[in-house]
Amino acid sequence: MKYNIPRGTFDILPEDSYKWQFLQDSFRKFAICFGYQEITTPIFEVSELFERSSGESSDVVQKEMYRFCDKKGREFALRPEGTAPVVRSYVENNLDKLSKRSKLFYLGPMFRYDRPQAGRYRQFYQYGIEFIGSNNPYYDAEVIAISMLWLNSLGLNKLRLEINSVGCPDCAVLYDKALQEYYRPFLGKLCPDCQNRFNTNPRRLLDCKVPSCIELRDDAPSQLNYLDEPCEKHFEAVCNYLQAMKIKYIINPRIVRGLDYYTNTAFEIVYEGLGAQNSLAGGGRYNGLIEQIGGKSVPAIGFAGGFERLLIALEEEKINYAEKPKPDAYLVCLGENVRLEVLTYLNDLRIKGLIVDYDPDKNSMKAQFKAADASGAKYAIIIGEDELANKTINLKNLQTGEQIRVAMNAEDTKQRIRAKI
RNA sequence: GUGGGUGUAGUUCAACGGCAGAGCACCGGAUUGUGGUUCCGGGCGUUGUGGGUUCAAAUCCCAUCACCCACCCCA
């Protein structure tokens with residue numbers, strides 16, 4: 001019986017895993033420099049957490065969640081996104097009592113039952129930041145900056161940062177009304193989906209890709225004209241901070257976040273060349289969410305980005321961001337007795353942190369040297385009966401061909417190899 | 001959930017009704033303790049799976065599964 005990987009998932013094979021490790025480490029370091037700390041939550045939570053936070057009407061909740069019941073009939077879901085679990089943990093562990101601000105980041109897999117497509121998977125890996133505890137627009141800019149500057153640091157420069165403000169719930173109500181007034185005369189001209197959206201979620205009308213709907217959209221009122229004073233000031237301040245940070249952006253009043261919990265700032269980082277799924281990262285402010293799921297009213301802002309799309313973009317730009325790790329040395333042995341006696345030395349090298357490759361199945365020197373070349377090892381350590389008897393090794397630099405005979409001493413070998421790197 | 005395209009060796013692809021092949025990768029060898037180049041040798045793989053048409057199917061038809069792309073949605 002042969003088994004297939006579940007649809008929409010993928011294996012990260014050894015030939016690629018170093019890239020993932022590099023990107024994950026890189027993001028960790030970056031976030032830490034901005035004062036953020038890692039938080040890791042389970043990959044499943046009670047379904048209700050997501051239903052509450054994302055909104056019952058959202059696509060995520062409606063059709064994309066992997067749900068299951070445990071033996072006691074409790075209903076869980078594999079997490080479709082990272083913010084709700086982090087906020088759950090924040091509330092549950094009283095992180096607000098520890099400090100007024102919580103600066104958190106996370107990495108890990110998310111799950112959505114979607115039809116797979118370029119840059120879209122059922123299990124996908126996200127990196128994200130959540131800042132909880134202040135409504136200061138500086139933090140909006142900081143979170144946006146982290147997401148943008150990190151991508152820049154990897155060598156991605158052809159990015160477009162789009163920002164918008166969806167206002168607070170009060171503004172949203174006014175804006176929804178304005179939209180409905182605008183669209184009402186054209187109701188008959190809208191696509192069936194949009195006729196639905198007209199009532200359930202008017203702001204989604206702006207997101208439609210049907211040509212006739214796009215045409216109508218051009219003259220539709222802008223959210224930005226329906227912000228109350230505090231929201232307008234907030235948005236202006238965010239823009240000012242971004243300018244002060246010299247981060248280029250464009251204001252796109254049509255950015256609508258899919259999840260219900262967003263307020264005020266919404267942003268997206270777009271990379272053309274990803275196909276239809278061209279959003280590398282996205283996020284926004286969610287001042288209402290924490291209270292909504294049982295905490296105090298605390299303002300917060302965050303974002304999440306997808307590793308798969310990032311990988312595609314880096315590949316597309318032909319950026320050499322990570323180097324494949326190669327062995328420091330390859331051990332070439334001759335003779336059965338040698339193979340036995342050399343093992344403590346070999347283990348010592350490895351314990352000391354050298355990457356040493358060795359293959360007991362390769363007999364001839366030729367085969368062993370070929371393997372050494374293929375592995376990309378910088379040195380070969382050659383040991384035969386002679387060397388063993390004298391407690392020495394031949395250390396050969398595989399690039400220059402230079403070879404020296406030195407003591408069989410792991411520490412000494414390590415020093416010599418490190419010195420020449 | 002809806003459309004379109006594609007499934008042949010580990011991989012990239014040929015063969016397009018008539019004997020299933022090549023490049024790359026992989027393994028071994030070229031006088032027994034020194035590699036990268038070169039040369040030689042090594043391939044029966046349920047042609048994704050199951051049916052059907054035909055004297056004959058990788059090839060045509062149907063179904064199914066998987067992948068890719070798009071709608072939708074978003075990371």
Side-chain angles (χ1 to χ4, degrees), chain A residues 2-10 13 15 54 57-65 79-83 107-128 147 151 191-194 196-197 201 204 207-210 255-259 266-271 274-283 302-313 330 332-335 338 359 361-388 394-403:
Chain A
K2 222 176 160 186
Y3 297 99
N4 288 327
I5 194 169
R7 178 146 210 219
T9 67
F10 55 91
L13 299 171
E15 63 196 49
S54 300
S57 68
S58 66
D59 277 19
V60 168
V61 171
Q62 288 276 312
K63 48 190 185 188
E64 294 172 4
M65 280 217 291
R79 62 183 182 194
E81 56 106 19
T83 299
L107 296 164
M110 306 294 163
F111 305 84
R112 285 186 204 174
Y113 190 89
D114 245 5
R115 189 89 171 241
Q117 195 181 324
R120 190 170 78 186
Y121 300 90
R122 290 183 172 177
Q123 175 171 342
F124 55 102
Y125 294 81
Q126 284 193 332
Y127 57 94
S147 60
L151 296 174
C191 72
D193 279 342
C194 281
N196 244 329
R197 294 182 179 124
N201 195 346
R204 294 231 76 110
D207 235 6
C208 187
K209 280 163 194 156
V210 176
I255 290 187
V256 185
R257 306 269 74 209
L259 308 176
F267 73 97
E268 204 160 308
I269 297 173
V270 175
Y271 173 77
L274 282 181
Q277 313 298 323
N278 63 4
S279 171
L280 267 183
F303 86 92
F307 277 112
E308 294 79 7
R309 293 179 190 180
L310 175 53
L311 246 9
I312 295 170
Y330 190 98
V332 175
C333 280
L334 288 139
V338 173
D359 183 351
D361 283 324
K362 297 233 185 309
N363 295 317
S364 71
M365 281 196 93
K366 184 173 193 104
Q368 293 186 72
F369 270 98
K370 272 195 168 178
D373 286 324
S375 75
K378 295 159 195 105
Y379 289 86
I381 295 171
I382 306 134
I383 305 177
E385 294 290 353
D386 230 38
E387 288 80 0
L388 184 66
N394 284 313
L395 185 63
K396 179 171 186 174
N397 182 318
L398 288 170
Q399 272 120 52
T400 63
E402 194 183 330
Q403 180 172 320

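Since the structure is predicted, the reported quantities are computational estimates derived from the model, not experimental observations.
In this structure, Lys362(A) atom NZ and C27(B) atom C1' are separated by 8 Å, rounded to whole Å. If you measure from atom CD of Glu15(A) to atom P of U11(B), you get 11 Å, rounded to the nearest angstrom. Rounded to whole Å, atom C1' of G29(B) lies 17 Å from atom CE of Met365(A). Nucleotide U32(B) holds its C1' atom 16 Å from the CG atom of Asp386(A), rounded to whole Å. Straight-line distance from the NZ atom of Lys370(A) to the C1' atom of G28(B): 9 Å, rounded to whole Å. Atom-to-atom, CD of Gln368(A) to P of G29(B) comes out at 11 Å; the value is rounded to the nearest Å. Straight-line distance from the CZ atom of Arg122(A) to the C1' atom of C72(B): 14 Å, rounded to whole Å. In this structure, CG of Asp359(A) is placed 12 Å from C1' of C27(B), rounded to the nearest angstrom.
Mapping Gly401(A) and Ile269(A) onto RNA chain B by nearest heavy atom places Gly401(A) at the nucleotide closer to the 5' end. Nearest-nucleotide mapping onto RNA chain B: of Gly282(A) and Pro6(A), the residue sitting toward the 5' end is Pro6(A).
Here, U47(B) and U8(B) have their P atoms 11 Å apart, quoted to the whole Å. The separation of A63(B) from G28(B), taken at their P atoms, amounts to 48 Å, rounded to a whole angstrom. Here, U31(B) and G36(B) have their C1' atoms 22 Å apart, quoted to the whole Å. Using atom C1' as the reference point in both U2(B) and C73(B), the two lie 14 Å apart (nearest Å). For the P atoms, the distance linking C27(B) with G18(B) amounts to 37 Å, nearest Å. For the P atoms, the distance linking C24(B) with C39(B) amounts to 10 Å, nearest Å. Taking the C1' atom of each, G42(B) and G10(B) are spaced 15 Å apart, rounded to whole Å. Using C1' as the reference atom, C19(B) and A58(B) are 14 Å apart when rounded to the nearest Å.
Base pairing annotation: G36(B) forms no Watson-Crick or G-U wobble pair, as no partner gives both donor-acceptor distances under 3.5 Å. U6(B) is paired with A66(B) under the criterion used here, namely a Watson-Crick or G-U wobble arrangement in which both key atom distances are under 3.5 Å. The pairing partner recorded for G21(B) is C13(B), the criterion being a Watson-Crick or G-U wobble arrangement whose two distances lie under 3.5 angstrom. Of the nucleotides present, none pairs with C74(B) by Watson-Crick or G-U wobble criteria with both distances under 3.5 Å. Shown here, C60(B) forms a base pair with G52(B); the pair counts as Watson-Crick or G-U wobble because both key distances fall under 3.5 Å. Across all strands shown, C26(B) forms a Watson-Crick or G-U wobble pair with G42(B), both key distances being under 3.5 Å.
The ring of Phe124(A) lies on top of the base of A75(B), close enough and flat enough: under 5.5 Å between centres, under 30° between planes.
Candidate nucleotides A30(B), A75(B), C69(B) were compared by shortest atom distance to the side chain of Lys366(A), and A30(B) ranks first. If you check G29(B), C71(B), G33(B) against the side chain of Ile382(A), the one that comes closest is G33(B). Side-chain proximity of Asp373(A) to A75(B), G35(B), A70(B): nearest is G35(B). Nearest to the side chain of Glu387(A), among A30(B), G33(B), U2(B), sits G33(B).
Environment of CD in Gln403(A): crowded, with over 12 heavy atoms of neighbouring residues, nucleotides or ligands closer than 6.0 Å.
To the nearest 0.5 Å, atoms CD (Glu387(A)) and CG (Leu334(A)) are separated by 8.0 Å. Here CG of Asp373(A) is found 10.5 Å from OH of Tyr330(A). Values are rounded to the nearest 0.5 Å. Atom CZ of Arg309(A) and atom CD1 of Ile269(A) lie 13.0 Å apart (nearest 0.5 Å). Put simply, CD on Glu268(A) and CZ on Phe303(A) are 13.0 Å apart, with the number rounded to the nearest 0.5 Å.
Tested against Phe307(A), the residues Phe10(A), Tyr127(A), Tyr125(A) include a single ring-ring contact (aromatic ring centres under 6.0 Å, His included) partner, Tyr127(A).
You'll find a donor-acceptor pair under 3.5 Å spanning the side chain of Arg120(A) and the base of C73(B), going by distance alone. In this model, a side-chain donor or acceptor of Gln403(A) finds a partner on the base of U34(B) within 3.5 Å. Side-chain atoms of Gln399(A) stay outside donor-acceptor range of the base of G36(B), with no qualifying N/O pair under 3.5 Å.
Contacts of Phe307(A) with the nucleic acid, taken as non-hydrogen atoms under 4.0 Å apart, are absent. Residue contacts for Gly8(A): at a heavy-atom cut-off of 4.0 Å it reaches the sugar-phosphate backbone alone, with no base atom in range. In this structure, Leu310(A) reaches neither bases nor backbone, as no heavy-atom distance under 4.0 Å exists between it and the strands shown. Residue contacts shown for Gly119(A) include a base, since a base heavy atom lies under 4.0 Å away. Nucleic acid contact for Gln123(A): none, since no nucleic acid atom lies under 4.0 Å from a heavy atom of the residue. Across all strands shown, Glu81(A) has no heavy atoms under 4.0 Å from either base or sugar-phosphate atoms. When heavy atoms are screened at a 4.0 angstrom cut-off, Ala281(A) is found touching the sugar-phosphate backbone but no base atom.
Proximity of a side-chain donor or acceptor of Arg122(A) to a complementary backbone N or O of Pro116(A) within less than 3.5 Å is not detected.
Taking 4.0 angstrom as the limit, Gln117(A) places a side-chain polar atom (N or O) nearer than this to OP1 or OP2 of A70(B). OP1 or OP2 of C67(B) sits under 4.0 Å from a side-chain N or O of Arg7(A).
Here the side chains of Met365(A) and Val332(A) are in contact, with some heavy-atom distance below 4.5 Å.
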- Query: Does the pair Phe369(A) and Leu398(A) meet the rule for a side chain to side chain contact (heavy atoms under 4.5 Å, CB included), with working shown?
  - Reply: CA-CA 9 Å; Phe369(A) 270 98; Leu398(A) 288 170; 4.1 Å; yes
